[in-house]
Every structure is written in structure tokens, then in C-alpha cells.
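Written out below as C-alpha cells is the structure these notes cover.
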Amino acid sequence: MSNSLGNNLLYQGFLTSTVLEHKSRISPPCVGGNSLFQQQVISKSPLSTEFRGNRLKVQKKKIPMGKNRAFSSSPHAVLTTDTSSELAEKFSLEGNIELQVDVRPPTSGDVSFVDFQATNGSDKLFLHWGAVKFGKETWSLPNDRPDGTKVYKNKALRTPFVKSGSNSILRLEIRDTAIEAIEFLIYDEAYDKWIKNNGGNFRVKLSRKEIRGPDVSVPEELVQIQSYLRWERKGKQNYTPEKEKEEYEAARTELQEEIARGASIQDIRARLTKTNDKSQSKEEPLHVTKSEIPDDLAQAQAYIRWEKAGKPNYPPEKQIEELEEARRELQLELEKGITLDELRKKITKGEIKTKAEKHVKRSSFAVERIQRKKRDFGQLINKYPSSPAVQVQKVLEEPPALSKIKLYAKEKEEQIDDPILNKKIFKVDDGELLVLVAKSSGKTKVHIATDLNQPITLHWALSKSRGEWMVPPSSILPPGSIILDKAAETPFSASSSDGLTSKVQSLDIVIEDGNFVGMPFVLLSGEKWIKNQGSDFYVDFSAASKLALKAAGDGSGTAKSLLDKIADMESEAQKSFMHRFNIAADLIEDATSAGELGFTGILVWMRFMATRQLIWNKNYNVKPREISKAQDRLTDLLQNAFTSHPQYREILRMIMSTVGRGGEGDVGQRIRDEILVIQRKNDCKGGMMEEWHQKLHNNTSPDDVVICQALIDYIKSDFDLGVYWKTLNENGITKERLLSYDRAIHSEPNFRGDQKNGLLRDLGHYMRTLKAVHSGADLESAIANCMGYKTEGEGFMVGVQINPVSGLPSGFQGLLHFVLDHVEDKNVETLLEGLLEAREELRPLLLKPNNRLKDLLFLDIALDSTVRTAVERGYEELNNANPEKIMYFISLVLENLALSVDDNEDLVYCLKGWNQALSMSNGGDNHWALFAKAVLDRIRLALASKAEWYHHLLQPSAEYLGSILGVDQWALNIFTEEIIRAGSAASLSSLLNRLDPVLRKTANLGSWQIISPVEAVGYVVVVDELLSVQNEIYKKPTILVANSVKGEEEIPDGAVALITPDMPDVLSHVSVRARNGKVCFATCFDPNILADLQAKEGRILLLKPTPSDIIYSEVNEIELQSSSNLVEAETSATLRLVKKQFGGCYAISADEFTSEMVGAKSRNIAYLKGKVPSSVGIPTSVALPFGVFEKVLSDDINQGVAKELQILTKKLSEGDFSALGEIRTTILDLSAPAQLVKELKEKMQGSGMPWPGDEGPKRWEQAWMAIKKVWASKWNERAYFSTRKVKLDHDYLCMAVLVQEIINADYAFVIHTTNPSSGDDSEIYAEVVRGLGETLVGAYPGRALSFICKKKDLNSPQVLGYPSKPIGLFIKRSIIFRSDSNGEDLEGYAGAGLYDSVPMDEEEKVVIDYSSDPLITDGNFRQTILSNIARAGHAIEELYGSPQDIEGVVRDGKIYVVQTRPQM
């Protein structure tokens, strides 16, 4: 409902034309909103509890039937099928099932018929249904039921369809005239699935005979309330003025029809106000009848009351109550003897006394949506250096210096011969307290010591059951003890006589009676009592249980010592939330020392608590204010860590979201006091409320928020217990859990009708108190804590005053009010804008110290949480939305995610790129969908990377700690997954999946990218990673469906096709391998097609590629046998290599390059020099020729390395492939002969290249190490197994090293002068990346910019895809050493890319911002660069006379070619 509609309703109800003076004071009251401190559940569980089933495809066409009356059954289609049917609908279901529903009105009597007919359905369809009566929302179950109908859980009826030929039919007979509509779902028992209407129920409105007379009149105030209820039912939509009038009259019509069926005005009034006639008559002591006060005067007085109350947002019940109260005020005036005319004048002048109280009201924006500020999203980037986990682990493993009491304990344990049953060290004031329990000859020996300096007395007792205080027998009292009531007191004495080096105070107690199970105690220092975090100390005499470590490994990748400490303290933490939060606070220092993994351990522990995997309360009573105080202490420490350790902010936010805020101003005590006030004021002191009161007094928990909400929902539903249990169960509280509390809740709520309004009011206020302590992510309580509020004390109940946070931005309060005004809007776009603007305004305050920082953090957490729930609520809004709207939603969710995580540079650049795509779309750019698809792919990569980071960081700690604590295995398995699902990333992923097919269709991308178009037939095998099977040998022709293909893998023997959703570059190693090996290779973008292929695992498929698609079908064994795939080719002659010999030179210049000295890579680059156009640069080159490695290895200075390599080579020949890594490592120990250094220096300097040694010995060592890494790459796994596959003699493979100066590239490219995907030799295909080309040819995620260019029109390149690679590699001026083997270009063996090229300096990884890249943003620049790349490729192809595979770079607009070879 729009604000204007809300105003109009109040205007119609409270103001008439006779009171014109008040018109100028009307302002929109925003009826649909909620007052600032009104407690409502804003966020629901993100996990749907609805049945999962097929969605209906609803036909949109609507045709009116029969009489000219409007019937609403939106969103169903209405089709004319039978002239006797006044209303008919037809639904198209998935799987070609159609459902026809015909409604036949009564022809005689009151029986309506509803006929259902399903075609093409299964034999086991059921109608799951109920009836909706006028003015009711819940289902009723009619008594007239077809044969076979069963009652389902007392909430619905389930009626089977009857099979009739190929159709299934069913008829309902409806006799109850109060029934307005039938609601239903379809259940298909054969497939165990539910068929719903866009997640909700189908609704068919019944047609009744026209029985309303024209003279039926309904009081306007009742029409107003009915209209309001209709607006609420329809999701509080924004109506146009015309629609408002239509809705108002529709409400009148509904009430007139109800009267025509026999209802009285009083009945309707009672229904709408949910009060009964008796209570109303008791409350009406006036002698004047209502008819004596004209409605217009009562409405005017009600309007004045509303204004004086601050124009609050009244629900329908309150509006009626206010109108009646206004009428009573006027009746009192009439009783004084004035006339109606005089009364009218007094109303006009505002002279009537009113008792209306001022309500807290929120200001609201005058506009329907906020104006978002323009911001530089680059300012959102968070980049913090983080310590490697390995280093952190080493720090954790260093033994900390022992404190005095720990050193004492160690020495004492060495002295005690008896077995120690229990050992505990407590923190007390500025020191520590040790308790050791040993057992010997049936006696229990307790040794207690402390390093406190002041004299200490032990106030102690014994227990035969936990929690009991019994006076110790006098026979066991140590010297100096005295007996008190139920306790004894014993002074500590200095331990100077025991020979220990650590001097402390101590005492020993020996207990001979074996019936005692423990010892409770406290310490007394002077007149000060010292307790264990507010509780008694307790020593258990039984042996401490050691929980088994189940499959947790050795704790690697975790802060193991911290997790072990947590596990040791869990039994203490189980006592209460106070204990748990205090223990966590004590461990923050340890967590800080351990760094990222330390805070991760705290997060995992708190998450186990929040998800009820750990015990919340065990045999211990604690006051709510003590829980609140412990929370305060913990969150204060987390707040401080957030400021002092910004690199851990994301984890700290997550910890805080699990803990809850705690309470200032003794808000925790109000939990205990306020429930008593509620019971007293509302006369509900027994039963469930008393049991809940006892629980709240002894151990309040987050469950109490859910219980309170369940009670509110129960009362609002007119005391429907089903609603009460529904709220509890949806939030994880079962009957068993209620019974498990120390103060169990056995009873169900049972309230009277006259308690309703008071309980709703008081429980609503109580909800805020509960949320202030337990709910860190609750929006309204978070806002209240930042804006400040005051709650007065009442009787014994304490008051609370929270001051506003200082330094809030100008207008921030109004922004938060805007958010609250729109938080329940059905259309969520405006709300999302407000939430994001609030978070942006809040962000600068979170980055600097503030003594109220945690309140701001909890507000930010709540805003973030509300974004997620709003997005989930807004999915329906996007069902028929245009792409631009979905894109705008994505931009908002992406911005929210960037605001919530650390190391967000990639996400911020995705956001900038996404907004650029949105601008391109709005501006009519033809490439908008193609560019948006690239950004979408990059966002997916960023989400996958973030998920991987979460898993790497959190899962080891969850599994280790969870195993020790006995957490359910299923909870451990999904621990990280559930954290990801609870964040914005899951919502964002869902939106991307929704938009992806739209973008592909708009950009004409189709569902496939064909990389190697080869027809194939084989058995389907599904694998997770191609890397995991690259060395397999499949004996049958195999179609591999691999979820992950990075680009550098080998294709295993026997594989005839490779299908993946991953996006390797078309010119990546695996792509080239597929084309060379005649293996079908394609990327599938459609998840439904991919799922279908995966479902066919084990079957035989025939794949037929087209230029843009793959057509696949199942075939049988016979067709497979006849396939060419199974025709074994004759064993080809083994490829032979000629072993190259050392030619006498360690280094040669380019003019000395020959086939005996270097490989084709070096020779080709030398050949190009001086032959390509001057616009194409060729880098200067020298080389270490063939045989140099062997010569260096044979040098006397490398005898030890040679012997070690001989042993490892033998090991490798015997099939031990682990030797490959050892060989590579050993080669790096080679020393450089002086002659090699001399010759290489001369050749490099003679060619004009810089000599590394001129910059110092360290620089030469870097160059020498790079050379050795190139030689060692002969033994990398991929290359080694590749040579074995084609039976090449690996020993004969020789490695030259091409030396070139690195060009610090702006862009790098690879050209294939014949399109590799189509085989079209009339067009060039090329890919371009930012920075160095290693991201293009290596295993770097994402795709390059790709384009084709016709050779006859080199000025018109056509972009096929924009880049999605998040990383670019850049390097300072340096030297690169490229592999150049004698096998790389051997005919029949594609060895290119198998061996390493190594730069002397390490490349810098830079996250790419494509929104500022001229290749993307400047069309003219892009056209020039791509055309020049195509020209260079065409020139080189013409020079060689054959298709070429060319690599090069672009620097300052100039093209450089660094190598070329024949295209394979």
C-alpha cells in the first residue's frame, strides 16, 4: 500500500468535508509501516520449509466468464471451456501435464461444483486442499468430501484423482455458502513431488449467485478496515489512485456479500476487531446510543486524536478502537447538555478534550526512494597482509614461558607418586589458582595453590551431589580451620618448606570418605570474596574424561594448542552462557597471538554453540544480567581486536554475529524482571508462562527470542497452537528441546481472548529486551542501540537508558528510519537501496576507533543480514523482470558482499565492471550482453575463490575441534558450506544463475563453446577434475565430463571427448592437445544440459558438434563397435629423436642459430628478424645451445650432482615416478662453469642485452637459477608422461635455452592464423590478456579477450568474448629464459608448452580493473590494437606460407612477436 493510500484510508475514515479546517494538517501517515521500537521479526530463516516440487508455468491470458463480474484468481490463466462454467482455469505443468479447473455456480440450492481434469499425468495424483471462508486466512476442512479423501495432519484434505482414459478427474461439491475460495496443491505420489504455484498455493474463487441487494449499507469505518486487510493480504503493494479506489470498493462489495449471506454489522465488526459482543458491551457505560453521534463527527474527532498521538501507524484493530474512543469523548460532551451544532463547532476549533497519548513516531522520507550518493567504489578495497598459516603454526608450537603457578604445578606433579585424577588452573584477579586431585589407598588428596600475594582463606565444603554444600567432617580439617554453617574456612600457608623453587601459598586436604564426589569453594581475601567468573569454584573428584579424537588428524592447518585448550574447557563452558562467554573472553589473548587461525578457532567454537551443537546449560543457574555482562566483556574484546588487527576483521565480524550483543544499562536484568511484570499485568501467572519464567530466571538463551516470537504468532492467529509449534519448529525448537531445559517447559500456552491486546503489546516490548542481549543481527534492536533509547523502570523493574552513538553522519538517522519504513515491502528494490546507502555511510566509522564501535558493528551486521533476507524475498519480483532489473539487483548484492569481506579487490573490480555493463545496456551498446557475460563469469570465479578460502581456513579447525567435542559428523561435513549459504555470496550466485541464460541468449552465445569440433562416441565417465585422471588409460572409448579443467592438463589415453563447465582458453595447452589428438572438446554453459550428461554416466553417447552446439544421443553397443573410434590404428612407428651433442660453445648469438644448435623456437624468431614489417618488433635473442646441460653436468665441479642424478634416473626407470621431483630438485644444485659464465656474458653484451652480473653476484645467481629451472622442466610430470605416451626416448630429448630481454608488456596475445574452432583458414583467431602471456598459456582462471578477423578485411576485428581473467602478471625490466627442446615441434608430437620458460625475476600478480582498461572502454583503441595484432599474424603466415601459432606482446601500442611455430 502506498503512503497515499494509507493517508486516503485514514482521510476517508477520520475526515469529512464538514471539517475542512483540518485538511491542511494532513501528511502521509505511512499506515503500512511499523513504529521505530515496535518489535517484529524482520528476518526469517533462509532455509525454506516449503515442499519442493515442480513450478507451474502459468499462462497469462485471462478471459471473463458468464456475467460481467470481475473474479480474481491471479496469477492463474482463465480459459473458456464450458458455457455453463462461470470461471475456468487451465494450467500448464512441466512434463506436458495440463490441469483444467472448472467452477460451476449453483443453479438451484447452494451447491457449487469444482471440476479438476489433469492430462498426461501419472496414475497417482492427489489434490491437497482446503477451503477459505470469507474474512479468514486459514484453511477450513469442509464436511462434504469426495470418496477416498483423507485428513492430512488435521490441516488439509487429500483427495485422489480418478483415472479416466489418459486423464485424471476429480469433482468437489461445495455446499457451505461461507466458503469464498478453494486453495490447493497437487501431489504426485509416483514421483514424490509437490506442484505449487510459484512457491505458494493455487487459489480458485467460487462463483456465487447474485444475492446482494442494492440497499445493503456498510459503515465506512468497516470498509476502511476491510480495505486495509486486503492490502496486507496482497503484500502491501504500491497502488495508483485508480487502483486504490478499486480496492476500496472491492472491500465494500465483500462486506455487502457477507451481509447478504446473513451476517450482521455487529458480526462483521466483531470479526474485524477480533472482539466479542460481551466484552464490548461491558466497556460501554454510556447512556447515549451511538446513533446520536454522526459518523462524520466521530471520524473528525478520531483524526484529531491521531494527530495528537503523533500520527502513529495503527493496525486495523487499533483504528476501530480509536474511532470508538472518539465517539465516547463526543458522547461525554453531549451529556453536558450541548447541541450537535455546538459540538460540531467545538470539534472544528479543536476544543474537545482528548486523552490521546503521544506515540513514538519515526520521521519518514518525503520521496518514495532515497537518492544514492555517487561513490568511487575503489575506496571499498580492503587489502591486508596476512601471515602464512605455516608461520602461524610454528609460532603456536613454540612453548610459551611458564607462569609461576604452572611451573609450580609441573614441579608438584613430579613429586606426587599417586595418579592425578584432575588438574585445573583458574585465573583469579592478577594471579592463578591451581587445583590437583590425586587418589591413593581409597583416599582423595586435594592440593590447592595460588600465586596471589595477599593472605588467602579457603571457604569450602564437600558434595555428595553436584551443587551441594556440606560441612566437612572435623577429622579432615587442616590446621587452622574453623567450622561455619554448611562450610569450613582454612587459611593458605606459604609453601617454603616443600623444597619447590616456585614460592606460592598452598594447602592440602585429605578426604577419607569415598562418598564425596566433589568440593565447592570460594576464596576470601580480607573482606573480598574471589569467585570463578561470578560463580563458585568446583573440583570434581572423579577422573577427568578424555574425549576421543575421532578422525581429526594431527590438527595441521589449525591453531591446535588453542583448540586443545578450548576442548579442555568445554565441560566448564557447558554450565551456562556466562561461563562460555567468559572463557572465550579469556582466550582472546591466545587467539590474537595465534593470528588468523586463532580467531578461526574461536569462530568455529562459537558457531558450534550458535547452531546448538554444544550444550547451552548444564546444572547451573545464572542470572540474565550475568550472561549480559559476560557478553559485554567478550564483545568489548572483539571490538578492540577489530580496531587493532584490521586484517582479521571479516572473521571477527563472523564471531560477533554468533555471540550477540550483550547489554548495557542492565538490560540483561530486565529479562528477569520484565517477564514478572508481563505475568502480573496480564493475569497469566501459571502454566506455560510460569515455566518459561522459571527458565528465564535461571538461564536465558537465544531460544527465548524464538519462544517469544512463537507466542506472539500464536496470539495473532487467534490462539492457534499449530502456529505456535510451527514457529518453534521452523527455528529448531522441538518439544524435546523444551523438555531438555534445566527448567523444562512442559505446557502449551493457553490464553483468554481478553488478554490478547495486552499480551501482544507487552511481549512485543519484551522481544526488544531479549534481542538486545541475544540477537546481534536483529535490525530494530541494533538501530535502537545506536540511536539511543530509554525504558523507565516499573515497580521493582530496573530502567534502561542507552545513549546515542556520537559522530553519526548527517541524515543517518533519517536513513535508518527509511529502512525501517520499507523493511517489509514486497517490492524490495527501494529497501535494498536504503540498506546499501546506510552501510556505505556507516563504513568510515567502522574503520576508526570508537568506544561504541561494537554497536556500530552490530548495526552493520544487521543491515547486511537484512539485505540477504530482502533479496530472497525479492526473487518473486524478478520472475518476469527484464535483464536490466536483474542486473541492478546483482549490482546491489555485489556491493553488499564487497562491504562484508576482506581482501575484496577482485569483488570491487567486478562491481565496477558490472556497473559498466549496466551503463552499456542502458546506453544501447550492442556489446553490453557480451561484456556482462564476461563480468558474470569473473564474479563466479571470485565467489569460487572465496568459497575455497573459507574451506581452507575454517574446515580443518571445524573437523579437529568438532571431533574432540563430539559434534555430529553431518554438522562437520557441511560446516563451511552452511557459513557460505548464510552469506550474500549464496544470494548473488542464485541471481547470476538466473541471469546467465538471458545474457547468453542476448549475446548469441548459445549453450556451448566448441573448442575442438570432432565427432565422438563413447562411454560417459564423470570426474571432478581432469587433473586427477590425466595419467589414466581408458580401455574403452570414453567421454569425460569433468567439472574442473584448468588448461594445463593432459588428456588421458582412451578419452575421445571432454566436456566441462569450466572455461579454459581456446588456445590453452589442453585445447591444443584436444585438437591435435582429434578429441572432441567443448565448454557447456547450460547447467541443465550438463546435469543431463552427468546423469547418463555409464551409457554410450554419440556427440555431433556443430559450429555453435553439440547434438548428443544415446547409441547401443553395435553402433559403438562400428564407430571409427574403436578402430585401432596400426601402431605407428615410434617417434625418434636424434640426440644432440655439445657443439663446443656454451652460448651463441641469433646469427649462429642452426638446427644442430637450437630448436625451432629459437630459429623461427631469428628468421623473422628483418623480414616482418617495421611495425612489428622482434626481441634480441641469444641461446645456450643443445648439449650445454650435459656438458655442465659432466664438469668436475658437479660430480656429486651427476652421481645423485644417476641413482635417481635408475629409480625412475624402475617405475618410481616420485623420482621426477627429486631429479628437478637435484638439478638446481648444479654449479656454473666459469667458461659458461664468460661466454654467456660476451654474447649477451655483444647483442646489446644487459648482463645480470653487472648488477652484482646475487643477480647472476638469480639468472643461473632460472636457467637450471628450464633444464629441470624436462622432468616435469606432464612432459615426462607425454613422451612416454608417444614412445619418445626421453633420454634423447635435449634442451636449449633461448635468452630474451623481457618486454614489460601492457598486453600479451596468442594468434592462430587459421580459426582452430572452425578450421576456417580465411579468418584469424586470437586471444589477448593484460600483462604477460603466462596467464594466457598457463593455468590461470578466467578467459582472455577473444576475437576473429577476416584476412580480407583486417581493419574489422570482431570481438567474440570479453576478458574474465582476474589476474594479470607484470614484471620490471628483466631477462626470460625460454625452453627450446628438440621435441617441441616434432611432427606427430605437440611438445609446445610442455616445458617451462622462467623469468629471472618473479612476476607481480595484479588484480585487473577492466573498467579502466582502454582495450575495453575505448572502441577506437580496441579496434586499432586488435587490427594490428591480426596484421602481424597475417604477415608472418604469408612469410612462412603455412598457418602459424604466434605469441607476442603489446607495449605502448607497438606489436612485438616473441615466438612463432607451425599451427598444429
Side-chain angles (χ1 to χ4, degrees), residues 33-46 362 606 610 631-632 635 638-639 642 649-650 652-664 667 702 705-706 708-709 731 767-789 802 804-805 808-809 812-825 828 831-843 845-846 850 852-873 892-893 895-901 979 982-984 987:
N34 303 297
S35 65
L36 178 57
F37 299 127
Q38 181 180 346
Q39 294 301 316
Q40 296 198 2
V41 173
I42 292 169
S43 58
K44 297 290 185 183
S45 169
R362 66 174 81 122
M606 291 293 102
Q631 278 177 297
D632 249 353
T635 51
L638 293 171
Q639 165 188 273
F642 190 90
R649 282 177 175 164
E650 184 176 352
L652 289 164
R653 276 174 55 95
M654 295 166 73
I655 297 172
M656 294 182 77
S657 69
T658 66
V659 171
R661 182 187 171 281
E664 295 178 5
V667 69
V705 177
V706 180
C708 188
Q709 186 60 52
N731 291 277
M767 179 68 89
R768 186 180 73 187
T769 302
L770 290 169
K771 286 182 175 179
V773 174
H774 295 304
S775 301
D778 177 67
L779 183 62
E780 289 201 44
S781 61
I783 289 176
N785 280 317
C786 287
M787 306 309 296
Y789 68 92
I802 304 297
V805 176
L808 294 176
F812 189 63
Q813 181 173 356
L815 186 56
L816 294 179
H817 290 331
F818 176 88
V819 167
L820 286 174
D821 283 340
H822 292 82
V823 78
E824 292 185 339
D825 286 0
V828 300
L831 170 63
L832 289 174
E833 290 173 337
L835 290 165
L836 266 297
E837 190 65 17
R839 293 200 69 194
E840 292 278 11
E841 290 286 292
L842 190 58
R843 183 176 180 272
L845 299 181
L846 302 178
N850 187 312
R852 295 282 299 281
L853 177 60
K854 69 177 181 183
D855 287 326
L856 298 175
L857 280 169
F858 278 119
L859 175 57
D860 190 56
I861 290 168
L863 291 167
D864 177 24
S865 176
T866 309
V867 168
R868 298 196 301 269
T869 55
V871 169
E872 289 161 5
R873 194 167 76 243
L892 295 173
V893 181
E895 182 182 354
N896 189 65
L897 183 60
L899 283 164
S900 303
V901 300
I979 285 183
S984 292
S987 302

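Residues take their numbers from the sequence shown, with the count starting at 1. Below, all heavy atoms of this structure are taken into account, side chains as well, without hydrogens, waters or symmetry copies.
- Distance check, rounded to the nearest 0.5 Å: CG of Leu859 to CG of Leu846 gives 8.5 Å.
- Across all non-hydrogen atoms, the minimal contact from Ser657 to Ile861 is CB-CG2, 3.9 Å.
- Put simply, the side chain of Thr635 gets close to the backbone of Gln631: a donor and an acceptor are under 3.5 Å apart.
- Summarising the geometry, atom NE2 belonging to His817 is positioned 5.5 Å from atom CE belonging to Met787; distances are rounded to the nearest 0.5 Å.
- Taking the side chain to side chain contact (heavy atoms under 4.5 Å, CB included) definition, one finds that Ala838 meets it with Phe812, Leu815, Leu816, Leu863, sequence neighbours left out.
- For Glu837, the salt bridge (charged side-chain N to carboxylate O under 4.0 Å, His left out) test picks out Arg372, Arg375, with sequence neighbours left out.
- Here CG of Leu638 is found 9.5 Å from CE of Met606. Values are rounded to the nearest 0.5 Å.
- When the side-chain hydrogen bond (donor to acceptor under 3.5 Å, both in side chains) test is applied to Glu840, no partner is found at least two apart in sequence or on another chain.
- Between Ser987 and Glu872 the shortest heavy-atom distance is OG-OE2, 3.9 Å.
- For the atom pair CG (Leu770) and CD (Gln709), the distance works out to 11.0 Å, reported to the nearest 0.5 Å.
- Across Phe642 and Arg649, no two heavy atoms sit closer than the pair O-NE, 3.0 Å.
- Side-chain atoms of Arg873 never come within 3.5 Å of backbone atoms of Val828 as a donor-acceptor pair (strictly under, hydrogens ignored).
- Once rounded to the nearest 0.5 Å, the distance linking CG of Asn785 with CD of Glu780 reads 12.0 Å.
- A 4.5 Å side-chain heavy-atom check between Pro809 and Leu842 finds every atom pair outside the cut-off.
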Problem set entry | Working for side-chain contact (heavy atoms from CB on, under 4.5 Å), residues Val867 and Val871 | CA-CA 6 Å; Val867 168; Val871 169; 4.3 Å; yes
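- Counting all heavy atoms, side chain and backbone alike, Ser984 lies closest to Val893 at O-CG1, 3.9 Å.
- From Leu831, atom CG reaches atom OG1 of Thr866 across 7.5 Å, with rounding to the nearest 0.5 Å.
- The side chain to side chain contact (heavy atoms under 4.5 Å, CB included) test applied to Gln639 returns Asp636, Leu853, Lys854, not counting sequence neighbours.
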For this session: Go through Leu836 and Leu899 one step at a time and tell me if the side-chain contact (heavy atoms from CB on, under 4.5 Å) criterion holds.
Result: CA-CA 9 Å; Leu836 266 297; Leu899 283 164; 3.8 Å; yes
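- Not counting sequence neighbours, the partners of Arg839 by the salt bridge (charged side-chain N to carboxylate O under 4.0 Å, His left out) test are Asp860, Asp864.
- Taking 4.5 Å as the limit, every side-chain heavy atom of Ser900 sits out of range of all side-chain heavy atoms of Glu650.
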